[in-house]
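Working notes, structure below.
Note that these values count all heavy atoms, side chains included, but never hydrogens, waters or copies made by symmetry. Each chain gets a letter, A, B and so on, in the order the sequences are listed, and its residues count up from 1.
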Protein chains: 2
Amino acid sequence: MIQRGGTGRPRAELDVKTTKAEPQPADFADVRATNLAVVLRHLRVNGPSSRASIAASTGLNKATVSSLTSDLIGQRLLRETGLSGNRIGRPSTVLALDGSAYAAIGLQVAADSLTALAVDFAGDRLLLWHRAFDGEPATTGAGRAVTAITALAQRAAVRVRQQGRRVLGLTVAVPGLVEDGTVRLSPPLGWSDVDLGGRLAGSLRQPGLDVAVANHAGLAALAELRHGGHPAGLDLTYVTGAAGLEAGIVADGRLLLGARGFTGQIGRFALGPAGSPTLQDLAGIEPLVRRTLPDVDPEALTDLGPAVEQLAVLARSGDAGAVAALRDTGCHLGQGLALVANLVNPEVIVLGDHYASLAEWIVPAAEAELARHTLAPAAGGARLVASALGRHAAALGAAVSHLDRIDTGHLPETR
Amino acid sequence: MIQRGGTGRPRAELDVKTTKAEPQPADFADVRATNLAVVLRHLRVNGPSSRASIAASTGLNKATVSSLTSDLIGQRLLRETGLSGNRIGRPSTVLALDGSAYAAIGLQVAADSLTALAVDFAGDRLLLWHRAFDGEPATTGAGRAVTAITALAQRAAVRVRQQGRRVLGLTVAVPGLVEDGTVRLSPPLGWSDVDLGGRLAGSLRQPGLDVAVANHAGLAALAELRHGGHPAGLDLTYVTGAAGLEAGIVADGRLLLGARGFTGQIGRFALGPAGSPTLQDLAGIEPLVRRTLPDVDPEALTDLGPAVEQLAVLARSGDAGAVAALRDTGCHLGQGLALVANLVNPEVIVLGDHYASLAEWIVPAAEAELARHTLAPAAGGARLVASALGRHAAALGAAVSHLDRIDTGHLPETR
DNA sequence: GTTACTTTGGTTAGCGTCTAAACTAAGTGC
DNA sequence: GCACTTAGTTTAGACGCTAACCAAAGTAAC
């Protein structure tokens, strides 16, 4: 952290995501958007509060807060939830986030299945569908899978609208490298250069509906940031434990995208000549399962869930081989995560998916290795925790990525 | 990159560096600061231009540009440099950055020496002092070194003021982990928990002078971003090749700081059990020199410069051993940088310091390994280039970090 | 019950900043 | 000298924030 000896209040600063080189000029709309975001974020972090307390703790003027909240109530993003009797003085009217008007949809693509999930602005889950690609896994060809994805997206959007919510956006979470809506390369799916975004936009085109495709680890990291029970603005890294080994990195409150969006490819980590085992080989869930349960049908391994469950049962029963294999995986994972900790210094590293299910046996070994390989473990090392979000974290994050835009002051256009 | 199907112009967004959890509210001052920054950045990137062309290409109103430039001229940050005779119509008055009023100072601490450098707002170098810690390297104890640093900083500030510049700030670049002005741990210097920032602030306290301490790799990355001849806003990673092996990561136009500022510790990279060789062992400059020039006095190796020069001469003369050793270092470095590329996906990786001097022999091997270990080399791999900034990049970056604040609209307070 | 006090939240006047449109300035071309 | 073109300033207006005032709605004391 760079220390600044100078005085002066911390000044808000304008920053642009889309255009990197030339920053966009600012005008009143930006001030308004920022302050709307301040109010929304305050309510999300601190829970329901009165206008007066919002003004007091954000530093905004009372009049400004009244004006902002009036807009937000008009947009159905806030609700007055009654009076709070203070000990003395006029009772305050309590304002709370109102999630009932808007929702977003996230889809998550795996080799064998497809998950659709919708949440509203308050974070309530509206819909969770899980569909197997029956007989036709995504790996046999992108064409059918893309058709299935667009169909499911379409149906989810219709259903959410039937529930009285306006759908703000839809994002598809995919493992691998995604660029401008195109899946450049996804080893777990066996895809390359699949223009999923284009297909989706073509069949879902509706005014005000934002369609996107993005890497599943990054989206899961967003989900963890918003629904993982962490303090707001935490620097965290999420590690996927299914469909490849990837990481989503949140730094400075935002997702690290890199030059082309190809961040977090930790499964490719290797130090040694070409052909050396990668971190995916050493610490991946699928190799672990293959080593530990050699009699499982390799064909059945498109869905790792049952095998992981079986492994957990074995470990819980004290099976020495299983426990040793898990510890070994934990060691290698810890060594890999030490690289992440040394490079981007997150506060916590969240183990997702199957790693979370097996955390009990993996984390101790991983923590020890992590501490061993970081320069100042007490200071620079990262805390290692298991995700509580389950297997649909990426789908949740995909939906959340749209709702986050409201939280940053980009209110939906009134129609 | 997340694709957004929705319409609407890219909206500027407010973001706060200092307080992470609760964003600061915005007001007109922020709009003004942002737009001042837009004008300054436009001139820095596109060179001198007229008010009309600034308005046309930034999207700001002509009247606004007039008002902004009038402020900037009043602050002596801009200058009218004459008329430009167009073919037709009224000639335009050309505006250019005026660097002559403000300057900042950067210091760079190495085991054996101390560098002070001052640049003005236009980027002209005002001062470059290099002092050896004679007989008393920094590694023998922080106390004397800190005294020498504060003394040099003091003298540099006096000298720059004599040159008619106002000194905006001073930063000391240090290898290792730096937190809130304190050097937590610096293996190259042998320091731990040295409150350098406190000592500096104590002896330099002056109104409006910003004092900071930060990691040298991060600062060098800032220098590279501003003076390396790259397009503005490039995602780049700078790799130090002296005083340890560290990286400075610029993503999204800003330095990646992580939870506590301990980013870029690539020298600690290792994949394997404890005791496995680290990237510093395999690809560090000092181990390379020790391996290749075994008859050099180890005591003389606090300054690697002469040994590196000797190595370059050997390689240039075709010495097989030297060339092989350099290629080997390049291989390992490439493998290490592949981890960086896979994790944060920079557009370019800049090799600094001694790596730049030896780039001719190191880069080809490193590039090959880098390509081999990235998922989609053509897309996700990073370009590898040698820095042109020389050995004082960190000092330059230390100074530049203060001048950058002007570019982001934080004009110096008028006194 | 009346009065004083406290706190909430809305209203009003004023200020700073951006924008659009009119206007002045300063050149070229015929 | 007049039309045309481009540069930069002036002016009127819109917008959003702020400070100060005011009304609303309660408690506490008498």
Side-chain angles (χ1 to χ4, degrees), chain A residues 9 11-12 14 23-39 42-43 48-74 78-96 409 411, chain B residues 9 11-12 14 23-39 48-74 78-96 409 411:
Chain A
R9 69 153 177 140
R11 168 68 69 74
L14 273 170
Q24 294 292 314
D27 59 10
F28 305 116
D30 301 308
V31 174
R32 189 70 173 175
T34 304
N35 291 339
L36 288 168
V38 167
V39 171
H42 179 85
L43 287 172
S49 0
S50 70
R51 288 168 237 258
S53 80
I54 293 173
S57 49
T58 60
L60 287 162
N61 191 283
K62 282 196 304 171
T64 309
V65 171
S66 278
S67 159
L68 292 167
T69 53
S70 144
D71 269 19
L72 292 170
I73 290 170
L78 251 50
R79 219 169 3 130
E80 298 194 336
T81 60
L83 298 182
S84 142
N86 289 333
R87 208 148 289 287
I88 204 171
R90 172 176 166 177
S92 53
T93 55
V94 178
L95 297 171
L411 301 197
Chain B
R9 70 154 177 136
R11 167 69 68 73
L14 273 169
Q24 296 291 315
D27 59 10
F28 302 114
D30 300 308
V31 173
R32 189 71 173 175
T34 304
N35 290 339
L36 287 167
V38 166
V39 171
S49 2
S50 70
R51 288 166 237 258
S53 80
I54 294 173
S57 50
T58 61
L60 287 162
N61 191 282
K62 282 198 302 173
T64 309
V65 171
S66 277
S67 160
L68 293 167
T69 52
S70 145
D71 269 19
L72 292 170
I73 290 170
L78 251 51
R79 220 168 3 129
E80 298 194 338
T81 60
L83 298 182
S84 143
N86 289 332
R87 207 147 289 285
I88 204 169
R90 170 176 167 178
S92 53
T93 56
V94 178
L95 298 171
L411 301 196

Residue S66(A), side-chain heavy atoms: nucleotide from dG10(C), dG16(D), dT8(C) that is nearest: dG10(C)
Along DNA chain D (nearest heavy atom to each residue), the more 5'-positioned of P91(B) and R32(A): P91(B)
One would report the end-axis bend of the helix from dG1(C)-dC30(D) to dC30(C)-dG1(D), five pairs per end and rounded to 10 degrees, as 20°
What's the CD1-P distance between I54(A) and dG10(C), to the nearest Å? 11 Å
For residues 59-67 of chain B, tabulate all N or O donor-acceptor pairs below 3.5 Å that involve a side-chain atom, not counting sequence neighbours.
unit_1 : atom_1 : unit_2 : atom_2 : d
N61(B) : OD1    : A63(B) : N      : 2.8
S67(B) : OG     : R32(B) : NH1    : 3.0
S67(B) : OG     : R32(B) : NH2    : 2.7

Qualifying residues under side chain to side chain contact (heavy atoms under 4.5 Å, CB included), relative to A96(B), sequence neighbours excluded: P48(B), T81(B)
OP1 or OP2 of dG16(D) sitting under 4.0 Å from any side-chain N/O of N35(A)? no
Distance below 4.0 Å between T93(B) side-chain N/O and dG8(D) OP1 or OP2: yes
What residues form a side chain to side chain donor-acceptor pair (under 3.5 Å) with T69(A), not counting sequence neighbours? R51(A)
Could you tell me whether the side chain of E80(B) reaches within less than 4.5 Å of the side chain of L95(B), counting heavy atoms only? yes
Protein-nucleotides 20-24 of chain D N/O pairs closer than 3.5 Å?
unit_1  : atom_1 : unit_2 : atom_2 : d
dA24(D) : N3     : R90(A) : NH1    : 3.3

May I ask you to decide if L68(B)'s main-chain N or O and D71(B)'s side chain share a donor-acceptor pair within less than 3.5 Å? no
Round to a whole Å and report the spacing from CG of L83(B) to C1' of dT28(C). 15 Å
Who passes side chain to side chain contact (heavy atoms under 4.5 Å, CB included) against S49(A), sequence neighbours left out? H42(A), L43(A), S53(A), I54(A)
